[in-house]
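Each chain gets a letter, A, B and so on, in the order the sequences are listed, and its residues count up from 1.
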Number of protein chains: 2
Amino acid sequence: MTKSTSGARAPRADAQRNRDHILDVAEQYFSAHGATGSLDAIAKQAGVGAGTLYRHFPTREALLAALLAARDDELVARRDQLRSGSLNPADALGGWLDAIKAWAGAFDGLPGPLRAATMTDSSPLSLTCEGFITTTEEFLHAAQRDGSARSDVRARDLFLSALAASWIEGAALADDGSAAALSDLTRHGWASTPSRTSDTTDTTDTTDTTDTTDTTDTTDTTDTTDHRITGHDGERTRGKST
Amino acid sequence: MTKSTSGARAPRADAQRNRDHILDVAEQYFSAHGATGSLDAIAKQAGVGAGTLYRHFPTREALLAALLAARDDELVARRDQLRSGSLNPADALGGWLDAIKAWAGAFDGLPGPLRAATMTDSSPLSLTCEGFITTTEEFLHAAQRDGSARSDVRARDLFLSALAASWIEGAALADDGSAAALSDLTRHGWASTPSRTSDTTDTTDTTDTTDTTDTTDTTDTTDTTDHRITGHDGERTRGKST
DNA sequence: AGTGAACAGGAGATACTCTCCGCTTAATCT
DNA sequence: AGATTAAGCGGAGAGTATCTCCTGTTCACT
C-alpha cells in the first residue's frame with residue numbers, strides 16, 4: 001500500500017516543505033533581482049543549506065522551470081480564452097503572442113534561458129517552450145487559413161520574436177515602449193497585406209524569403225574590406241568557427 | 001612644447017604596446033569564447049597582470065567598445081556605400097539594418113551589452129549606439145519620404161530590432177535561419193503596404209498605430225513591466241472588452 | 001646619468017557555483 | 001514504544017571570476 005500505483009515513493013514531509021519554501025523565496029528573489037540572482041543567496045534567505053537547494057533544483061533552469069510551472073497554467077487559460085473567444089484569427093494570434101511576451105518577462109533575464117531552451121532541447125524549460133510553440137502554430141495556422149497571416153511565416157520564429165520583444169524590454173530599463181514597438185513591428189510583419197492586391201510590385205512579397213540582404217548588397221563584398229561585416233553571407237550559421 | 005595643443009600627454013610606449021596586445025588577444029578570445037569570456041584569462045593569455053588589463057579597460061564594456069571601434073569603420077563605410085548607391089530607400093534601410101545585425105553579432109553575447117548601452121546612456125558603447133541610431137533615422141526618414149516605410153516607425157526601435165535579431169542568432173545555437181526570419185518579419189513590419197490601397201478595410205494602414213495592439217487585449221504591452229504576470233488574470237475577467 | 005611620474009604585476013578580498021560527506025530526522029518495521 | 005534505515009539536511013570547501021590595492025619597475029625628460 002505504501003507505493004501503490006506510482007513507482008516513486010512519496011516525498012518526505014520536510015523535503016516537500018523545504019521545496020515549497022525555496023520556491024516561495026526564489027519567486028520573490030528573482031522578482032527583485034532578476035533571473036540571474038545568486039542561488040546561494042536564495043538558499044540563505046530560505047534558511048536552508050546550499051546543498052538542499054541544489055538537490056531539489058540541480059540547475060538554475062530547473063528552478064526557473066519549477067517557478068514557471070505555476071504561470072504555465074495562466075498561459076494555458078489564456079490560450080483557451082483566445083480559442084473560444086469570438087476573435088478573428090489574426091487578433092487571437094496577436095493576443096497569444098502578447099501573452100507569451102508577458103510570460104517571458106516574468107523575471108528580468110528570463111528571455112535568455114528561454115531562448116536557450118528553445119534551441120537546445122535539453123533543458124527543463126524546453127518542453128514548456130515546445131508546447132507553447134505548438135500552440136503558436138495552431139493560432140498561426142488558423143490565421144493563415146483565414147488569409148490574415150502570410151503563409152511563409154513559421155510558428156517557432158513568431159515565438160522567438162515574442163521572446164525577443166520581451167528581451168528588449170529587459171532589465172527594467174525600457175524607458176519607453178520599445179518592446180511594444182517591436183511587437184507591433186512584428187505584427188505588421190506577419191500580417192498579410194490588407195486588401196486584395198496579392199501580386200503587385202516586387203520589393204516585398206515574392207522573392208524575399210531567401211534573404212532581405214541580397215536585394216541590396218550589390219557591391220559590398222568587393223572593395224570596402226574583408227568579409228567581416230559585409231558578408232552576412234546568407235546563413236553561414238554563425239560568426240565564430242572555433 | 002611638450003604638451004602643445006592637447007591637454008593629455010602622449011602615452012608611454014610600453015603602455016601603448018600592452019594596450020594593443022591586449023586588444024589583439026581579446027579579439028581572439030571573445031571570438032572563441034563569446035563576449036562573456038573571462039577577463040582574467042585574457043590578461044593571462046596576453047602575459048600581463050590583471051591590474052594592467054583593468055587599468056586600460058576598466059570594465060568589460062570598455063574593452064568591447066575598444067574592440068568594436070575598429071569595426072565601426074566598416075559600418076561607416078557600409079553606410080556611405082548604401083548612401084551613394086543607386087538603391088531605393090527601402091532597400092538601403094534594409095541593408096543598413098542587416099549590417100547592424102551582423103555588427104552586433106561579432107561576438108556571442110554582444111547584443112546584451114549593446115542593448116544595455118542603448119538604454120542606459122552611461123556606457124562606453126552608448127555613443128556608438130546612438131550614432132548608429134542616428135544613421136538609422138536618416139535611412140528611415142528617406143524611406144518614409146519615399147512612402148516605402150510606415151510613418152509611425154521609430155529608428156530606435158528598428159535598431160533594437162536588429163539587435164534582437166542578432167540576439168536570436170546568439171550562442172552558436174541558431175540551428176536554422178531564425179534570425180533571418182526575424183529580420184524578414186521586421187522588414188515586412190516597417191514596410192508600407194506595397195500597392196495603392198490606402199483606405200480599404202482597417203487593419204493596417206490608416207489607423208494602424210493603435211489598432212493592432214489593443215484589439216485583442218488591453219492586457220499587457222503597456223504596463224506589464226511592474227505588475228508581473230499575475231496581474232494578468234485580474235484583467236482577464238473582463239478580457240472580452242473588444 | 002638621474003629623477004619623478006607613469007606603469008606593470010600579482011596577491012588578495014569578495015562573490016558565486018556546485019559538490020561532497022558526516023550528521024539528523026522522518027517514516028517504517030517488530 | 002523502541003529500533004532501524006534511508007532520505008534528507010547543512011555547510012565546509014574547491015574551483016572560478018571580478019576587481020582593487022600596493023610595491024617594485026621602467027620609460028621619458030632633463
Taking only residues two or more places apart in sequence or in another chain, which ones pass salt bridge (Lys or Arg N to Asp or Glu O under 4.0 Å) with A:Asp24? none

Specify the separation, in whole Å, of atom OH of A:Tyr54 and atom C1' of D:dA12. 15 Å

If the condition is ring-ring contact (aromatic ring centres under 6.0 Å, His included), which residues does B:Phe159 pass it with, not counting sequence neighbours? none

From NZ of A:Lys44 over to C1' of D:dG11, roughly how many Å is that when rounded to an integer? 10 Å

Please report, rounded to the nearest Å, how far the P atom of D:dT16 is from the CG atom of B:Leu39. 16 Å

Rounded to whole angstrom units, what separation is found between the CD atom of B:Gln45 and the C1' atom of D:dA17? 16 Å

Residue set satisfying salt bridge (Lys or Arg N to Asp or Glu O under 4.0 Å) with B:Asp14, at least two apart, ordered chain then number -> B:Arg12

Among all residues two or more places apart in sequence or in another chain, which pass the salt bridge (Lys or Arg N to Asp or Glu O under 4.0 Å) test with A:Glu137? none

Given atom CD1 of B:Ile42 and atom C1' of D:dA17, what is their separation to the nearest angstrom? 12 Å

Does one side chain, of A:Trp96 or A:Thr135, offer a donor that lies under 3.5 Å from an acceptor on the other? no

Spacing between A:Leu53 atom CG and D:dG10 atom P, to the nearest angstrom: 11 Å

How many Å lie between NE2 on A:His21 and P on D:dG8, as a whole number? 19 Å

Find the distance B:Arg60:CZ to D:dC19:P and express it as a whole number of Å. 8 Å

Return a single string for nucleotides 3-15 of chain C, one symbol per nucleotide in 5' to 3' order, where B is base contact, S is sugar-phosphate-only contact and - is none, cutoff 4.0 angstrom on heavy atoms. --BBSBBB-----

Tell me every residue that passes ring-ring contact (aromatic ring centres under 6.0 Å, His included) with A:Phe30, counting only those two or more places apart in sequence or in another chain. A:Phe107

